[in-house]
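Below, chain A is the first sequence line, B the second, and so on; all start at residue 1.
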Number of protein chains: 2
Amino acid sequence: MNEPAPQVEPQDSVRNDIPDIVIGRLPIYLRTLKLLMERGSEVTSSQELGDLLGISSAQIRKDLSHFGEFGKQGTGYNIPFLNKQLEKILKVDCVWPVVMVGAGNLGTALASYNGFENRGFRIVALFDSAPEKIGQQLGAITVQPLEEIPVVVRRTHCQVAVLAVPAAAAQAVSALLIESGINSILCYAPITLSVPENVRVEYIDPVIHFQHMTYYLRKGCIEDA
Amino acid sequence: MNEPAPQVEPQDSVRNDIPDIVIGRLPIYLRTLKLLMERGSEVTSSQELGDLLGISSAQIRKDLSHFGEFGKQGTGYNIPFLNKQLEKILKVDCVWPVVMVGAGNLGTALASYNGFENRGFRIVALFDSAPEKIGQQLGAITVQPLEEIPVVVRRTHCQVAVLAVPAAAAQAVSALLIESGINSILCYAPITLSVPENVRVEYIDPVIHFQHMTYYLRKGCIEDA
DNA sequence: CCGCGATTGTACCTGCAATCACAAACGCGG
DNA sequence: CCGCGTTTGTGATTGCAGGTACAATCGCGG
């Protein structure tokens with residue numbers, strides 16, 4: 001919804017006849033399965049999942065059928081089992097290292113968030129260009145200067161980065177990240193990055209969502225701009 | 001793309017034969033136009049815009065054609081003019097009030113962000129349930145208790161809310177917001193909300209993007225979960 | 001052991017999103 | 001004033017995503 005379409009097609013290194021849009025729904029299924037597990041449920045159905053997510057049961061069944069037969073007719077899906085299968089498919093049955101650039105308000109908020117680890121990710125480093133922020137401690141990590149990016153990325157074999165810098169700096173930092181070995185970037189800066197074909201960028205920009213919403217609203221704003 | 005499909009179809013109060021997916025791209029066009037304006041450009045073309053955004057020029061032309069004829073053959077689009085038109089279409093040629101719930105790390109980071117105003121939005125209130133946070137100052141706004149939500153929402157005629165609370169609280173808070181008159185929610189909590197048909201919810205969850213990305217990566221994570 | 005309600009997985013179909021391709025229109029240079 | 005390169009807006013076409021519908025399968029209760 002919403003955000004810019006991914007700029008990169010699935011890498012051909014991975015056997016991939018499965019539509020990207022299907023892959024994009026799997027994390028949502030996974031998130032809901034974890035919720036059901038917390039509630040102690042043992043089994044669910046495409047119907048129940050669909051109701052929880054506001055999508056059709058047929059779509060869920062068809063999406064899952066791309067990867068195998070995970071359900072049992074008449075019964076539905078075993079939740080812990082399906083959870084495990086989806087984790088394997090998405091390769092999040094483990095913890096991925098993530099580096100982040102930008103120790104502003106947003107960057108520090110994300111670095112302090114403790115909801116990544118049990119969903120497969122750990123922020124292992126935080127970089128900023130401002131000298132006064134270098135050395136600052138945030139939980140287990142320390143703010144480092146941008147020059148350390150290549151070293152750290154290579155040492156950790158990290159492939160994923162978060163960009164939480166001002167728009168004006170985003171393009172240059174992304175180039176540095178990619179040069180260092182990053183191939184997947186989650187960009188919070190309100191700008192579309194220009195990157196090589198083999199790099200995947202996804203975007204988070206709340207204003208994009210706001211502006212999408214206001215189209216459907218009757219006008220009732222504060223003042224003219 | 002990413003995020004859950006919008007749960008709500010365009011309200012029928014608005015004449016709307018225009019696909020929602022087209023509306024969803026307009027904010028991206030708008031963002032890019034503002035960038036070009038900052039650079040001092042006067043005109044652009046569907047080709048140039050498409051190159052900047054990684055999408056086809058035909059798609060941009062067709063999207064815009066739903067709303068009128070904004071370009072000139074042989075020349076392209078006048079940037080300030082097209083910018084203004086898109087702002088009118090999205091109804092962001094003004095400033096909308098937004099209320100936010102959750103004064104944690106993320107909430108305070110968002111409340112401190114100064115990039116909303118010139119794109120049509122202003123956070124006018126911030127609420128939290130923790131007594132020790134009430135009264136805290138963030139720029140021009142003060143953290144208020146949840147009980148104030150109905151009062152403030154009604155007084156400001158605010159229709160848009162940001163949800164930056166823990167997942168466990170999100171559903172209950174969303175109900176309170178909707179009851180108070182909110183009909184558009186941007187939800188940062190990693191959970192799918194259950195809301196009435198006439199309420200639009202969009203979601204921001206970085207982990208959804210991470211997990212989408214890892215599908216395409218060769219495995220190289222830290223440790224097994 | 002049998003019949004029934006529930007649920008999956010999938011073949012088929014429909015509709016729409018994206019692309020293609022081109023006529024019409026514009027500016028400019030000569 | 002004319003011709004050429006450029007760019008738009010749009011009808012036609014393609015491809016794919018989502019929905020429909022149903023046969024196959026399962027558990028359960030009697």
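A salt bridge is absent between A:D20 and A:R25; no separation between the charged side-chain nitrogens and carboxylate oxygens falls under 4.0 Å. Using a 4.0 Å cut-off between a side-chain N of Lys or Arg and a carboxylate O of Asp or Glu, B:R119 and B:E117 do not qualify as a salt bridge. B:R61 and B:E69 are not joined by a salt bridge, as no carboxylate oxygen comes within less than 4.0 angstrom of a charged side-chain nitrogen.
Looking at heavy atoms from C-beta onward, B:I28 lies in side-chain contact with B:L53 at the 4.5 angstrom threshold.
For B:L217 against A:S184, the heavy-atom pair with the smallest separation is CD2-OG, 3.5 Å.
Judged by distance alone, the side chains of B:D63 and B:Q59 never bring a donor and an acceptor atom under 3.5 Å apart.
Once you apply a 4.0 Å limit to the heavy atoms of chain A, the touched nucleotides of DNA chain C run 5' to 3' over C:dA6 to C:dC12.
The separation between A:L53 atom CG and D:dG18 atom P is 14 Å, rounded to whole Å. The interatomic distance linking A:D17 (CG) with D:dC16 (P) rounds to 12 Å, in whole Å.
Side-chain rings of B:Y77 and B:F70 stay apart, their centers remaining 6.0 Å or farther from each other.
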Q) What is the per-nucleotide protein-contact pattern of nucleotides 3-13 of chain D, from the 5' end, where B denotes a base atom under 4.0 Å from a protein heavy atom, S denotes such proximity for sugar-phosphate atoms only, and - denotes neither? A) ---BBBBBBB-
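In this structure, B:Y203 contributes its side chain and B:L193 its backbone to a donor-acceptor pair below 3.5 Å.
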